[in-house]
Amino acid sequence: MDYVKTAIPRQERLFYGADYNPDQWQACPDVLERDIELMKEAGVTSASVGIFSWTSLEPEEGIYEFAWLDRVMDRFAEAGMFVFLATPSGSKPMWLSEKYPEVRRVDKAGKREPSGWRHNHCLSSPVYREKARAINTRLAQRYQKHPALALWHVSNEYSGECHCQSCRAAFQAWLKARYGTLDALNEAWWSAFWNHTFTDWSQIQTNDLSMDGLQLDWLRFVNDQHVSFMREEMVPLRELTPDIPCTTNFMGTHEGTNYWQWAEHVDQIANDLYPLPDDRANTWQHAIRADFIHSLMRGMSGGKPWMLLECSPSSVNWGGINKLKRPGAHRQEVLQAVANGASTVHYFQWRKGRGGFEKYHGAVVDHDGSNRTRVFQDCAAIGAELASLRSLVQGDCPVAEVAMIYDWESRWALNTSCGPKELAGTGPFPSDLYTETCFDHYEALTRCGIAVDLLSTRSDFSGYKVLVLPALYLLSEELGERIRAFVQSGGQVVATCLTAYVESSNKCYLGGFPGASLRAVFGIWNEELDNLPADTRVEVRGAVEGSAKDVVERIHLDGAVSLAQAGSEFYAGEALITENDYGNGVASYLAARFEMPALLAFYRRLLEKASLCRSIDLDLPEGVVFRCRDSSEGRVGFLFNYSNQSREVEFGKLAMAAYLDPQTTYSGTIELAPYESRILRV
Ligand code: GLA
Ligand code: ZN
């Protein structure tokens with residue numbers, strides 16, 4: 001496992017730029033010249049080029065055309081800017097998908113898609129892999145020594161699945177390699193249920209919703225196919241340009257992609273994130289979710305800088321309602337990423353195209369084409385500000401005292417099981433019970449002023465004071481043993497409802513939950529789970545007060561003490577929060593999905609008991625968040641008002657200088673405008 005990433009050679013400042021599609025403007029050569037001028041004016045350092053340009057590069061099979069790209073690369077180099085050169089596999093050329101229909105995906109119903117759209121090639125097709133490799137080889141050969149080339153942007157937002165015969169055969173081969181024998185597979189999948197025992201590998205389908213074991217393995221397989229496709233794309237790049245790092249753009253907590261595994265194969269972690277600004281009272285909670293995703297990227301980067309490779313300088317065009325960003329919100333989103341360790345901020349997109357699906361998507365340069373727009377002026381101001389933050393470029397965020405595990409396997413296992421509960425999506429983030437529970441705990445910790453590092457199940461968490469495991473539903477015996485050892489040697493672990501129900505094949509543990517030998521660690525037995533209708537709340541009473549929703553477990557004390565109990569329903573009086581002294585440490589269990597007041601009360605108590613340090617020793621008002629990052633000139637603080645209302649922060653006797661203007665000192669009562677962000681010397 002390797003989450004530690006290499007720096008981009010020649011990166012001396014924060015990169016700032018956008019996706020750029022000069023291939024769409026070949027008929028207007030003056031546009032390139034104008035763009036270079038505007039980029040200089042906006043403080044742009046770099047652009048991702050050629051993401052959807054395969055046909056411009058290879059208009060006919062085996063016939064290549066690089067003149068337009070040569071010009072772009074040369075002009076960037078002359079202007080002292082860098083190109084993140086894309087491999088073009090994200091969208092198939094029409095000539096290719098018509099000549100070789102097998103490169104087009106087949107849906108669950110067995111129907112092959114027509115040519116068109118994008119991000120929809122078959123993951124297994126040998127033809128598509130070969131064609132992608134050929135064009136990548138040509139690109140690498142042509143630009144290997146080009147001074148503008150700084151990074152390979154491999155494909156674009158890999159995602160989705162294909163159910164064609166070649167994917168089915170590949171799935172069967174993948175299963176053979178995983179299980180060895182059909183007996184082992186049948187046992188892992190509990191396939192005697194509904195008479196699903198397989199007697200030949202060829203019988204295995206790619207899509208049987210009644211088989212939770214199959215569904216989980218299908219998700220793993222699809223993820224592996226994507227990773228294998230990406231790695232195959234990288235072969236010629238690594239061979240011909242060993243010093244140019246490779247990345248691909250992730251999509252945060254996207255459901256079908258276990259990015260912890262991808263992270264091991266890229267040289268830089270890059271993410272796309274489009275939080276939708278809105279005027280709802282809880283708009284600041286969505287900003288905290290963006291922090292969660294940034295923290296996740298930082299975790300995948302081994303705590304080193306990562307790249308925000310797409311965000312919008314303005315509205316998107318695909319939201320239900322495409323609001324413009326309110327004043328301050330755009331700068332805040334950029335600085336928020338930087339505060340969480342980003343060393344690159346790129347937009348989608350540099351210039352709005354005249355036609356196509358994204359002609360109304362926010363861009364630095366609008367159809368007007370000038371520098372006089374509000375968005376362009378904002379971008380230029382941010383470009384200048386990022387240039388003045390060059391001391392941050394290799395700086396990391398301080399290591400937190402609290403770690404939280406985010407695990408796609410638990411999410412998949414829970415989502416592929418019929419029951420215990422699904423949550424409808426809320427807000428702009430893909431949500432499900434697993435991810436929502438992680439967001440809840442991250443939000444509560446953030447609101448208590450506690451920084452959190454996001455880790456995988458394979459990360460080393462032994463150095464942390466506190467380990468938080470929201471809904472870690474799939475939990476292997478091996479991880480159970482590491483958690484036990486962590487508590488034994490003095491760690492504090494916090495687990496929630498839905499912990500350790502299943503082992504890695506999605507089969508339930510026997511002998512009472514939590515499984516994975518964790519019952520003794522938590523000192524409880526989790527007997528059963530109550531699903532609540534959306535409008536039902538269960539009261540919580542005791543050392544922590546509030547309410548619970550969605551899922552409530554009935555647990556029995558088996559050594560643990562009860563901190564809080566249910567105050568309603570037939571299980572009133574039964575424990576909902578427990579604490580168990582185990583070895584030199586403590587294991588807490590939160591047996592329900594709690595609403596925020598109860599979670600906040602729980603974490604405030606933990607803050608005291610575990611003597612945790614807050615990022616800043618102040619009580620901050622709702623929606624105000626403080627983050628730190630190191631720089632070559634000392635520690636930098638970011639004070640954000642994520643709320644759309646103004647907020648007052650009491651600094652009291654604390655005094656901090658403005659980072660870019662050390663003569664200005666903040667102390668006493670600080671008035672923050674809606675979405676205001678301040679950068680401070682800590
Ligand atoms: C994704 C894609 C981009 C663009 C944006 C629009 O992130 O990678 O090509 O479509 O969405 O928001
Ligand atoms: Zn396929």
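Residue numbers count from 1 along this sequence. Numbering of ligands and ligand atoms starts at 1, following listing order.
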Examine the proximity of ligand 1 to I51 and report which part, side chain or backbone, both or neither, has a heavy atom under 4.0 Å away. neither
Would you find more than 12 non-hydrogen atoms of other residues, nucleotides or ligands less than 6.0 Å from Y64 atom OH? yes
Tell me which one of E310, E358, R118 gets a heavy atom nearest to atom 9 (O) of ligand 1. R118
Report whether any nitrogen, oxygen or sulfur of C167 sits less than 2.8 Å from the Zn ion (ligand 2) (N, O or S, backbone or side chain). yes
With heavy atoms of H361 as the reference, note each atom of ligand 1 found under 4.0 Å away. 6 (C), 12 (O)
Going by atom types only, do Y143 and D70 share a side-chain donor-acceptor pair under 3.5 Å? yes
Ligand 1 N/O within reach of D19 N/O, cut-off under 3.5 Å: no
If you count the atoms of ligand 1 from 1 in the order shown, which ones are under 4.0 Å from a heavy atom of F52? 9 (O)
Side-chain donor-acceptor pair present, W189, S505, cut-off under 3.5 Å: no
For the residue pair R351 and W25, would you count it as a cation-pi contact if the rule is NZ or CZ under 6.0 angstrom from the ring centre and within 45 degrees of the ring axis? yes
Kindly state whether the ring of F82 and the ring of F15 have centres lying under 6.0 angstrom apart. yes
Between Q349 and ligand 1, which part of the residue brings a heavy atom under 4.0 Å of the ligand: side chain, backbone, both or neither? neither
Just wondering, more than 12 heavy atoms not from R238 lying within 6.0 Å of its CZ? yes
Between W350 and F348, is the gap from one ring center to the other below 6.0 Å? no
Could you list the atoms of ligand 1 found under 4.0 angstrom from a heavy atom of W318? 6 (C), 12 (O)
Polar contact flag for E157 and ligand 1 (N/O pairs, less than 3.5 Å): yes
Aromatic centroids of F229 and H121 separated by under 6.0 Å: yes
Can you tell me, to 10 degrees, how wide the angle at the Zn ion (ligand 2) is between SG on C164 and SG on C122? 110°
Would you mind listing which atoms of ligand 1 come within a distance below 4.0 Å of any non-hydrogen atom of N156? 2 (C), 8 (O), 9 (O)
Show the atoms of ligand 1 that are less than 4.0 angstrom away from any heavy atom in D272. 7 (O), 8 (O)
Between the side chains of D19 and Q349, is a donor N or O closer than 3.5 angstrom to an acceptor N or O? no
Give a yes/no verdict on whether any heavy atom in F357 is under 4.0 Å from an atom of ligand 1. no
